[in-house]
Number of protein chains: 2
Amino acid sequence: MRELFELCGAAPELVFSPYCWRVRLALAHKGLDFVSRPVRFSDKAELAFSGQKLVPVLRDESTTVNDSLAIFRYLDTEYSQHPLLGGALGESRLRLIDQLIAQDLRPALFRLLVLRIYALIDPADRDYFRQSREKNLGMTLEAFADLQAGQAQFDRALQPLNTLLSNQPWLDGAEPAAADYLIGGFFFWAWCLGEQPWAEDSPVGAWFARLLNRYEQSHDPVRRAA
Amino acid sequence: MRELFELCGAAPELVFSPYCWRVRLALAHKGLDFVSRPVRFSDKAELAFSGQKLVPVLRDESTTVNDSLAIFRYLDTEYSQHPLLGGALGESRLRLIDQLIAQDLRPALFRLLVLRIYALIDPADRDYFRQSREKNLGMTLEAFADLQAGQAQFDRALQPLNTLLSNQPWLDGAEPAAADYLIGGFFFWAWCLGEQPWAEDSPVGAWFARLLNRYEQSHDPVRRAA
């Protein structure tokens, strides 16, 4: 059995971590089925078997792997069809891209989504979420959730993606691969929370529509959540 | 004969285009010798044989290639030792990285370097340089050359690189490859103009020192300029 342990909201079928979405998209890319194991913030003890506390965790028969990029590597090693990473150079560049988008794209979206996440997580998780995030941010969630500033930062972060995607259908070129899922995870994060703060008729909007369409055709694991 | 046509200043041995530096570094990586063909802004007619007007142009016996990434691909195809791109996925990710760093890293450095470039190019090139750049920038070179704003934008653009390079010696992992030269070209641009607006004791500073050391050990084409 292949199980994906992923963060969920009050509703277990709302799995909203962008890093878990990366893995869902990668599993779909490989054509691999899995059982979703939704975990709430307050259920993190359920991850103890993995030797650490962070989602995503993939348990594939007797093998346990955590960290989205490590899971990509595991999937390429174990299931060679449709490579995700493209070897060592492909992986190192993915790590560089991950650092570059962590500066604006991720925090801009978090700003736009944070109060929605707060509303949709389990009430038992809210104190933990508020305290841990406010400590990291150095301000209240409400002060951080400046929608105008978040949208401006996000729009700016989209510019390089729009430029690239006006010349090619996928971030990874003619076919989607790990870069599409690395970045696409953040778009699914927004989408599953009911937000799509990008223009549908932009190159990025068309790319997300293609990504969503492929994902939905591959299977429908969201509704398959236990 | 292998010839690299590259932009030069009043002194022909000052070749300062970051895109030409990418190719110099890539040729050194492959262990390939070449003859530098310095071209001034006002000599662009010398590139007519390439069917376009932009440096770098590599003429390798009877083959002519322009555009730094196309030259990387040509070098990998023709000289398979020490791959630069790492296949199709490696190349597509390099294009994404190129877009991402074009937003802040490149313009921030240009702001810090523009008046130095203006001073070091051939006097006959200055009117063209000022008019073309001021039209693109929508302001005078002097107004654009806000060193404080440029340094702040550059320092911020360095953060993801510093994070990555605190865990690994090269942007491309354990050994340098195309991502190091793609981004390193901008650092050589500053360096050859006599500027090093980064902290020597930072991970990026140590990376640049390693890159410069390898480049200087491989050959010394700067002094080899015709």
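First the proteins, then the strands, lettered A, B, ... as listed; each starts at 1. For clarity, every value in this text was computed on a predicted model and none was experimentally measured.
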Q. Are any side-chain N or O atoms of Arg93(B) and backbone N or O atoms of Gly90(A), one a donor and one an acceptor, separated by less than 3.5 Å?
A.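 A pair under 3.5 Å: yes.
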Q) Between Ser92(A) and Gly173(B), which heavy-atom pair has the shortest distance, and what is it? A)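 That closest heavy-atom pairing would be CB-N, 4.0 Å.
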Q | For the student: nearest non-hydrogen atoms of Leu89(A) and Pro83(B), plus distance | A |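 Heavy atoms only, the tightest pair is CD1-O, 4.1 Å.
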Q) For the side-chain contact (heavy atoms from CB on, under 4.5 Å) test, which of Ile101(B), Leu96(B), Leu161(B) pairs with Leu96(A)? A)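 That would be Leu161(B); it is the only one of Ile101(B), Leu96(B), Leu161(B) passing the side-chain contact (heavy atoms from CB on, under 4.5 Å) with Leu96(A).
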Side chain / backbone / both / neither for [X] at chain B, heavy atoms under 4.5 Å:
X         : value
Ala102(A) : neither
Leu84(A)  : backbone
Leu94(A)  : both
Ala178(A) : both

**Q.** Distance in Å, Thr163(B) OG1 paired with Gln99(A) CD, rounded so as to fall on 0.5 Å steps
**A.**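 Here the interatomic distance stands at 5.0 Å.
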Q. Quick one: CG on Leu105(B) to CG on Leu100(A), what's the gap to the nearest 0.5 Å?
A.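 Atom-to-atom, Leu105(B):CG and Leu100(A):CG are 9.0 Å apart.
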(Q) Out of Glu175(A), Arg95(A), Glu91(A), Arg156(A), return the one with the most heavy atom pairs under 4.5 angstrom to chain B. (A)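 Going by pairs under 4.5 Å, I would pick Arg156(A).
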Q. What option among Asn167(A), Asp104(A), Leu171(A) has the most heavy-atom pairs under 4.5 Å with chain B?
A.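 Between Asn167(A), Asp104(A), Leu171(A), the count favours Asp104(A).
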(Q) Quick check for you: among Gly86(B), Ala157(B), Pro160(B), which has the greatest number of heavy-atom pairs under 4.5 Å with chain A? (A)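 Of Gly86(B), Ala157(B), Pro160(B), Pro160(B) has the most heavy-atom pairs under 4.5 Å with chain A.
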Q. Heavy-atom count around Gln81(B) CD within 6.0 Å, excluding the residue itself: above 12?
A.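 It does: Gln81(B) CD has more than 12 such atoms within range.
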